[in-house]
There are 2 protein chains.
Amino acid sequence: MPGSPAPSPKTAAGDGSGPPPARRRVPLAAGERRLLPEATVKRLPLYLRALADAGDQQQATISSEELAAHAGVNAAQVRKDLSYLGSYGTRGIGYDTGLLRQHLRHELGLEKEYNVALVGAGNLGRALGHYRGFTERGFHVVAAFDTDPAKVGGFIEGTEVFSVRDLARVVKDRAITMALVATPAAVAQQVVDSLVEAGVTSVLNFAPAVLNVAPDISIRRVDLAVELQILSYYDSSRRHEYAGTGS
Amino acid sequence: MPGSPAPSPKTAAGDGSGPPPARRRVPLAAGERRLLPEATVKRLPLYLRALADAGDQQQATISSEELAAHAGVNAAQVRKDLSYLGSYGTRGIGYDTGLLRQHLRHELGLEKEYNVALVGAGNLGRALGHYRGFTERGFHVVAAFDTDPAKVGGFIEGTEVFSVRDLARVVKDRAITMALVATPAAVAQQVVDSLVEAGVTSVLNFAPAVLNVAPDISIRRVDLAVELQILSYYDSSRRHEYAGTGS
DNA sequence: CCATGTGAAAGCGTTCACAGCG
DNA sequence: CGCTGTGAACGCTTTCACATGG
């Protein structure tokens, strides 16, 4: 049963917005850095991308105003977010692009490279396997898995497709800690259970299902049908907007 | 220039969480229904899916507790969300699955079918074109677009690939109101501008860029690299967690 | 003088706790 | 009695406004 009732509602269920609700409350020692607010974490990658754009244009510094424009947020937001990192801006000038980029990469843990598993070699899975953006950013898809014997033994962009029966072994052998789940919804929960069992601690779930995992596992959901349904809501509320009042 | 500074920071920039920040403040007339909180809108599709699961199992009613388990949220949240719809539950019993499903579909505007354009027929674009989940839910990809002459004239799962030069014409002819943008980031802004110009009002953006659109256009972002970077953050904060205090 | 960094205020969203009703 | 519906409390997020400092 994929959607078995969670023992506790506080489980780190993959709701797509809050992957690790576990916030620490302990006093924390000297050099240690406190967990950032979740909303801030979601924006840091956008600032990083804005910096890449600025760096391309040989810009030595960038203002919170410019970063805000690139990230589609308020400038005060940018300053507050960056101030959580101990902030390395200069008043009257702005942020040093190179320095800030380094700090953001460090804070996001992007100095490390990650080995990633891809589970499900259907249409979406194969597209994910071909996607260049992952490797470029240090996320290496080093193994794919499927149940279909016709797909097992094949390759996706140089990555071998294994049987899911070999999942535990391959995940351990290749030191895989992240996974992309692109299976049918019906098997997604058991797949993620196997992945976690084998040592995976971060999961990006593309299956249209909410998955339950232990609180020390991060899971995020990318749900295409849900996105379209959200758009549908706003579209339809626009259509009805001028049907009520005449004012 | 894709990331041109927004004239006003209040533009409906595609930040992935808040597509239409425009909340109305007018008193609103009799039969009219107020806009739902954005956070609620994001959860309604999950409840709908939970109901589909329950319906499969011949369940006539479902409790907020059960819905919560399926959606990975708190039961009080479910009740509050559903109460915004005027709620059709029965105290002591729960919600009638069929009735609630109908109301959710109505509220989300899913009684209508949508014609969708797919822009960018690269790996990701083709995978999206093959994805079954869209048509199943009433979102019909009726045209694809690309600049590559080798792709133009081809078909993706029965959908013709047009030149982007014909975008305006085809979008109008086929009454397309939604679009999936799966182009390189560099051209995404001009693509979305053309789409909006041609009559598209809802956009799902897969390009790694923040797009600016008028406030009456809905845009949502699905950014795979950003998702992995967020996971990376929590992964690395877990690794550092036990490096500071010994307690 | 200009743009950062930040308290304080305002706005949202979530959770609690229980009244209300079938 | 059980489960919904909801005011009120709480906590997180955003925005404002301005002191601060290169």
Side-chain angles (χ1 to χ4, degrees), chain A residues 5 8-11 13 15-18 20-25 34-44 46-47 59-69 71-97 99-100 103, chain B residues 5 8-11 13 15-18 20-25 34-44 46-47 59-69 71-97 99-100 103:
Chain A
S8 145
K10 284 267 181 179
T11 322
D15 81 315
S17 344
R23 193 73 58 95
R24 71 209 309 283
R25 246 162 263 281
R34 168 169 270 114
L35 260 203
L36 303 176
E38 200 179 305
T40 295
V41 174
K42 290 192 202 170
R43 286 185 294 264
L44 296 188
L46 300 184
Y47 302 151
Q59 241 182 297
T61 70
I62 191 166
S63 68
S64 59
E65 205 74 55
E66 287 177 277
L67 280 169
V73 299
N74 186 296
Q77 183 99 264
V78 173
R79 294 199 296 276
K80 180 137 291 195
D81 285 341
L82 296 184
S83 78
Y84 290 130
L85 317 186
S87 207
Y88 294 85
T90 309
R91 291 167 198 241
I93 305 288
Y95 301 89
D96 181 290
T97 50
L99 195 64
L100 183 55
H103 279 285
Chain B
S8 146
K10 284 268 182 178
T11 322
D15 81 314
S17 347
R23 193 74 58 96
R24 73 209 309 283
R25 248 163 262 282
R34 166 168 270 113
L35 259 202
L36 303 177
E38 200 179 307
T40 294
V41 174
K42 291 192 201 168
R43 284 185 294 264
L44 295 187
L46 300 184
Y47 302 151
Q59 240 182 299
T61 70
I62 191 167
S63 68
S64 60
E65 205 72 55
E66 287 177 277
L67 279 169
V73 300
N74 186 296
Q77 183 98 264
V78 173
R79 293 198 297 274
K80 180 138 291 191
D81 285 342
L82 296 184
S83 78
Y84 290 130
L85 316 186
S87 208
Y88 295 84
T90 310
R91 291 166 199 243
I93 305 288
Y95 301 89
D96 180 290
T97 49
L99 195 65
L100 182 56
H103 277 287

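Below, all heavy atoms of this structure are taken into account, side chains as well, without hydrogens, waters or symmetry copies. The sequence lines fix the lettering, A, B, ..., with proteins before strands; numbering per chain opens at 1. The shown structure was predicted, so the numbers you read here are calculated from the model rather than taken from an experiment.
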Student: Q77(B): which residues meet the side-chain contact (heavy atoms from CB on, under 4.5 Å) condition with it, sequence neighbours left out?
Tutor: R43(B), Y47(B), V73(B), N74(B), D81(B)

Student: Closer than 3.5 angstrom, by distance alone: can the side chain of S64(B) be matched with the main-chain N or O of R79(B) as a donor-acceptor pair?
Tutor: no

Student: To the nearest Å, how far apart are D96(A) CG and dG22(D) P?
Tutor: 16 Å

Student: Using atom CG of L99(A) as one end and atom P of dG22(D) as the other, report the distance to the nearest whole Å.
Tutor: 16 Å

Student: Between protein and nucleotides 2-6 of chain D, what N or O pairs are separated by less than 3.5 Å?
Tutor:
residue, atom, partner, partner atom, Å
dC3(D), O4', G92(B), N, 3.0
dC3(D), O2, G92(B), N, 3.4
dT4(D), OP1, S64(B), N, 2.8
dT4(D), OP2, S64(B), OG, 2.7
dT4(D), O2, R91(B), NH1, 3.1
dG5(D), OP1, S87(B), OG, 3.0
dG5(D), OP1, G89(B), N, 3.2
dG5(D), OP2, S87(B), OG, 2.5
dG5(D), OP2, Y95(B), OH, 2.7
dG5(D), O4', R91(B), NH2, 3.0
dG5(D), N7, R79(B), NE, 2.9
dG5(D), O6, R79(B), NE, 3.3
dG5(D), O6, R79(B), NH2, 3.1

Student: Rounded to the nearest 0.5 Å, what separation is found between the OH atom of Y84(A) and the CG atom of L36(A)?
Tutor: 9.0 Å

Student: Just by modelled atom types, is the Q59(B) backbone N or O under 3.5 Å from a matching donor or acceptor in the T97(B) side chain?
Tutor: yes

Student: OP1 or OP2 of dT13(D) sitting under 4.0 Å from any side-chain N/O of Q77(A)?
Tutor: no

Student: To the nearest Å, give me how far apart NZ (K42(B)) and C1' (dC12(C)) are.
Tutor: 12 Å

Student: Could you state the atom-to-atom distance from CG of N74(A) to C1' of dG11(C) in whole Å?
Tutor: 14 Å

Student: Looking at residues at least two apart in the chain, or sitting in another chain, which of them share a side-chain contact (heavy atoms from CB on, under 4.5 Å) with L99(A)?
Tutor: Y88(A), D96(A), Q102(A), H103(A)

Student: To the closest 0.5 Å, what do you measure between CG (L44(B)) and CG (L82(B))?
Tutor: 7.5 Å

Student: Taking CG from L44(B) and P from dG13(C), how many angstroms apart are they, rounded to a whole number?
Tutor: 13 Å

